[in-house]
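Written out below as structure tokens is the structure these notes cover.
Positions are given from 1 along the sequence. For clarity, every value in this text was computed on a predicted model and none was experimentally measured.
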Amino acid sequence: ERVTIASEMTWAFGYVRYADPDHKYVQTVNHYLALICVALAAREAERMRLNDLSLGATGDLQAATAIARGVVELHGLGDGADAQVQYLDLETRKRQKDLSPETLATIDTRVAKILDEQRRRAATIIREQKAIVIALRDLLLEKKTIDATTLKSLAPSAPTHGGA
């Protein structure tokens with residue numbers, strides 16, 4: 001819905017606001033993976049273009065990690081024979097008690113794998129769409145905020161909801 005580098009919020013220098021997904025009754029794994037990819041894309045773009053990371057990307061990493069943890073711990077997704085296990089209470093969203101150190105390590109490994117896969121996916125998209133990324137950067141520096149219509153005209157083939 002909107003991309004800005006002129007945030008009025010004290011906790012963010014900029015942000016991406018997604019269109020209201022009320023029309024989506026079913027959230028898919030691919031939707032969540034796309035959200036992680038988008039969150040990590042800003043960090044990856046900084047890493048690739050500046051050869052460094054700003055501390056502003058910390059919030060994106062926190063969001064991506066929370067989504068990946070939810071995918072693994074709440075929705076039971078990941079690798080391994082016990083990947084279909086739910087580790088969080090659905091109502092309280094708190095982790096089950098008495099998980100073994102091995103189980104906790106497995107959860108952390110799965111979360112790290114999802115984050116790394118989506119970071120790599122973001123890097124590939126940034127490399128493949130370099131011209132659009134540069135045009136977006138330049139437009140953001142000029143206008144500070146870009147709405148969905150402007151963004152769509154910049155990248156007409158870009159997916160809208162849920163795709164990265």
Next item on the list: Tell me whether Leu115 is reachable from Val29 by hopping between hydrophobic residues (I, L, V, M, F, W, Y) whose side-chain heavy atoms are closer than 4.5 Å.
Entry: yes

Next item on the list: For Arg110 and Glu73, run side-chain contact (heavy atoms from CB on, under 4.5 Å): C-alpha distance rounded to whole Å, both residues' side-chain angles, the deciding distance at 0.1 Å, then the answer.
Entry: CA-CA 10 Å; Arg110 288 184 187 149; Glu73 295 186 39; over 6 Å; no

Item checked: Check against side-chain contact (heavy atoms from CB on, under 4.5 Å), Arg121 and Leu33 -> CA-CA 10 Å; Arg121 178 179 170 201; Leu33 294 177; 4.2 Å; yes

Next item on the list: Kindly compute the distance separating CD1 (Ile67) from CD1 (Ile36), expressed to the nearest 0.5 Å.
Entry: 5.5 Å

Notebook entry, point to check: Does Thr109 reach the main-chain N or O of Ala105 with its side chain, forming a donor-acceptor pair under 3.5 Å?
Noted result: yes

Margin query: Under a 4.0 Å threshold between the charged nitrogen and the carboxylate oxygen, would Arg119 count as salt-bridged to Asp116?
Written below: yes

Notebook entry, point to check: Any idea which heavy atoms bring Ile125 and Cys37 closest together, and the distance?
Noted result: CD1-SG, 4.1 Å

Next item on the list: State, yes or no, whether a side-chain contact exists between Arg95 and Leu104 at a heavy-atom distance under 4.5 Å.
Entry: yes

Item checked: From Gln129 atom CD to Arg127 atom CZ, the distance as rounded to the nearest 0.5 Å -> 12.0 Å

Next item on the list: Evaluate the side-chain contact (heavy atoms from CB on, under 4.5 Å) criterion for residues Leu53 and Arg43: first the C-alpha distance (whole Å), next the side-chain angles of each, then the deciding distance (0.1 Å), finally the verdict.
Entry: CA-CA 7 Å; Leu53 289 175; Arg43 286 178 57 89; 3.3 Å; yes

Checklist line | Leu139 with Ile126, same ILVMFWY side-chain cluster at under 4.5 Å | finding: no

Next item on the list: Work out which heavy atom in Ala68 is nearest to a heavy atom in Ile114; give both atom names and the distance.
Entry: CB-CG2, 4.0 Å

Checklist line | Asp138 bridged to Lys143 by N-O distance under 4.0 Å | finding: no

Next item on the list: Quick one: closest heavy-atom pair of Tyr87 and Val72, and the distance?
Entry: CD1-O, 4.2 Å

Margin query: For residues Leu40 and Val133: do they belong to one hydrophobic cluster (side chain heavy atoms under 4.5 Å, members Ile, Leu, Val, Met, Phe, Trp, Tyr)?
Written below: no

Check: So, does Thr103 use its side chain to make a donor-acceptor pair with the main chain of Leu99 at under 3.5 Å?
Finding: no

Next item on the list: Output the distance between atom CG (Leu136) and atom OG1 (Thr150), rounded to the nearest 0.5 Å.
Entry: 11.0 Å

Note to self: Tell me if the CZ atom of Arg49 is crowded by more than 12 foreign heavy atoms within 6.0 Å.
What the structure shows: yes

Notebook entry, point to check: Under 4.5 Å between any side-chain heavy atoms of Ile134 and Lys130, yes or no?
Noted result: yes

Notebook entry, point to check: Charged N to carboxylate O under 4.0 angstrom, Glu44 versus Arg47?
Noted result: yes

Next item on the list: Can you see which heavy atom on Ala122 is nearest to which on Ala41, and at what distance?
Entry: CB-CA, 3.8 Å

